[in-house]
Number of protein chains: 2
Amino acid sequence: MMNISKTAESAEMPVKTVRYYADIGLVEPSARSAAGYREYDEKAVRRLIFIRRSRAFGFSIEECRELLGLYSDENRSSADVKAIAKKRLIEIEKKQVELQALHKDLSHLVKTCQGDDKPNCPIIDYLG
Amino acid sequence: MMNISKTAESAEMPVKTVRYYADIGLVEPSARSAAGYREYDEKAVRRLIFIRRSRAFGFSIEECRELLGLYSDENRSSADVKAIAKKRLIEIEKKQVELQALHKDLSHLVKTCQGDDKPNCPIIDYLG
DNA sequence: CTTGACCTTCCAGTTACTGGAGGGATTATA
DNA sequence: TATAATCCCTCCAGTAACTGGAAGGTCAAG
């Protein structure tokens with residue numbers, strides 16, 4: 001059993017975040033000390049790491065909750081996991097398309113802007 | 001002079017947003033009617049459109065505020081505009097790199113996952 | 001026995017809106 | 001002229017996922 005700062009260190013996330021995840025019922029402490037301190041066991045730490053990695057993929061907290069449920073479900077179907085991941089993948093691809101369009105337009109504008117002390121500016125012209 | 005709903009329609013944004021921009025002092029109404037209704041002239045509408053286009057590029061409200069200042073400054077230096085745009089461009093590029101890495105890893109995991117009714121799952125394995 | 005480093009809870013702030021309540025103003029219709 | 005529909009107003013709360021800070025309890029070391 002570890003206190004919250006050791007737990008946060010093991011899971012490589014801020015103490016505040018561990019506390020937040022406990023508050024929203026995502027990863028609850030395994031126990032509380034007599035003084036009311038949160039205590040976490042190895043399993044809880046593994047769940048926190050699972051969340052950190054899921055978050056790094058951009059899964060929302062609610063998606064993390066679902067994934068965590070599947071993680072601890074011995075009878076899960078991989079299809080359920082795959083569906084969530086696929087959804088995220090499509091979001092990523094959508095964002096990529098969006099960013100590519102933005103990049104194309106903005107980089108063109110930046111290239112054509114003189115960037116001197118005169119007011120003439122294709123960027124402003126485009127926006128206005 | 002237009003009331004807020006005509007203004008919002010002309011600027012192609014929700015009434016709520018026009019009101020919000022007024023609240024934060026981004027684009028203030030040109031006047032108020034006797035009853036206290038917001039009234040906008042053509043110039044104000046053009047400023048709203050400017051904001052909408054800037055927001056579409058992903059500029060933050062504060063950046064929009066700066067850009068709007070430069071837009072209405074006859075003595076601006078295009079270098080100032082370019083600097084803001086460049087900063088945004090770099091953010092976009094950073095995000096693109098990030099998304100590319102996520103896409104690579106996640107698409108690989110999704111591909112290798114069977115997606116059937118069995119619990120075996122490389123996605124879960126990777127996260128756990 | 002005090003100091004410092006922990007820990008707790010609770011509240012506020014972040015970004016850029018959005019939804020809704022409660023109530024006044026204007027316009028169209030009967 | 002009465003009323004109903006459609007505006008408009010302000011203010012408050014909620015969104016996502018934390019983060020910072022205040023006020024105060026706990027614990028180990030010197």
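Heavy atoms only: backbone and side chains are in, while hydrogens, waters and symmetry mates are out. Chain letters run A, B, ... following the sequence lines, proteins first, then strands; residues in each count from 1. Given the structure is predicted, the values throughout are model-derived calculations rather than measurements.
Put simply, NZ on B/Lys6 is 18 Å from P on C/dT26, counting in whole angstrom units. Going from atom CZ of B/Arg32 over to atom P of C/dG24 covers 17 Å, rounded to whole Å. Separating the CZ atom of A/Arg65 from the C1' atom of D/dA17 is a distance of 12 Å, rounded to the nearest angstrom. The separation between A/Tyr21 atom OH and D/dA17 atom C1' is 7 Å, rounded to whole Å. In this structure, B/Ile4 places its CD1 atom 14 Å from C1' of C/dT18, rounding to the nearest Å. Atom P of nucleotide C/dT26 and atom CE of B/Met2 are separated by 19 Å, given to the nearest angstrom. Note: CD (B/Glu62) to P (C/dG13) measures 17 Å, nearest angstrom. A/Asp23 has its CG atom 14 Å from the C1' atom of C/dC7, to the nearest Å.
Contact annotation: B/Arg38 side-chain N/O to D/dC9 OP1/OP2 distance is under 4.0 Å. Side-chain nitrogen and oxygen atoms of A/Thr17 include none within less than 4.0 Å of the OP1 or OP2 phosphate oxygen of D/dA17. Contact between the side-chain N/O atoms of A/Arg19 and the OP1/OP2 oxygens of C/dC10 is not found at any separation under 4.0 Å. One finds no side-chain N or O of A/Tyr20 lying less than 4.0 angstrom from the OP1 or OP2 phosphate oxygen of D/dA16. For C/dC7, the OP1/OP2 oxygens have a side-chain nitrogen or oxygen of A/Ser5 closer than 4.0 Å. Taking only side-chain nitrogens and oxygens, A/Asn3 never comes nearer than 4.0 Å to OP1 or OP2 of C/dC6.
Distances were taken from every side-chain heavy atom of A/Ala35 (C-beta onward) to each of D/dC7, D/dT26, D/dA17; the shortest belongs to D/dT26. Checking C/dC6, D/dC9, C/dG19 against every side-chain atom of B/Tyr37, the shortest atom distance belongs to D/dC9.
From B/Glu39, atom CD reaches atom OG of B/Ser33 across 5.0 Å, with rounding to the nearest 0.5 Å.
Residue B/Ile24 is out of contact with every strand shown, counting any heavy-atom pair closer than 4.0 Å. Across all strands shown, B/Ser60 has heavy atoms under 4.0 Å from sugar-phosphate atoms exclusively, and none from any base.
Residue whose closest nucleotide on DNA chain C sits further toward the 5' end, between A/Val15 and B/Ser33: A/Val15. The residue among A/Pro14 and B/Lys16 whose nearest nucleotide of DNA chain D lies closer to the 5′ end is B/Lys16.
For A/Ser77 and B/Asp117, the side-chain atoms include no donor-acceptor pair closer than 3.5 Å. Looking at A/Asn120 and B/Ser78, their side chains never bring a donor and an acceptor atom within 3.5 Å of each other.
When ring centroids are compared, B/Tyr126 and A/Phe57 come within the 6.0 Å threshold.
Using a 4.5 Å heavy-atom threshold, the side chains of B/Arg38 and B/Arg19 count as touching.
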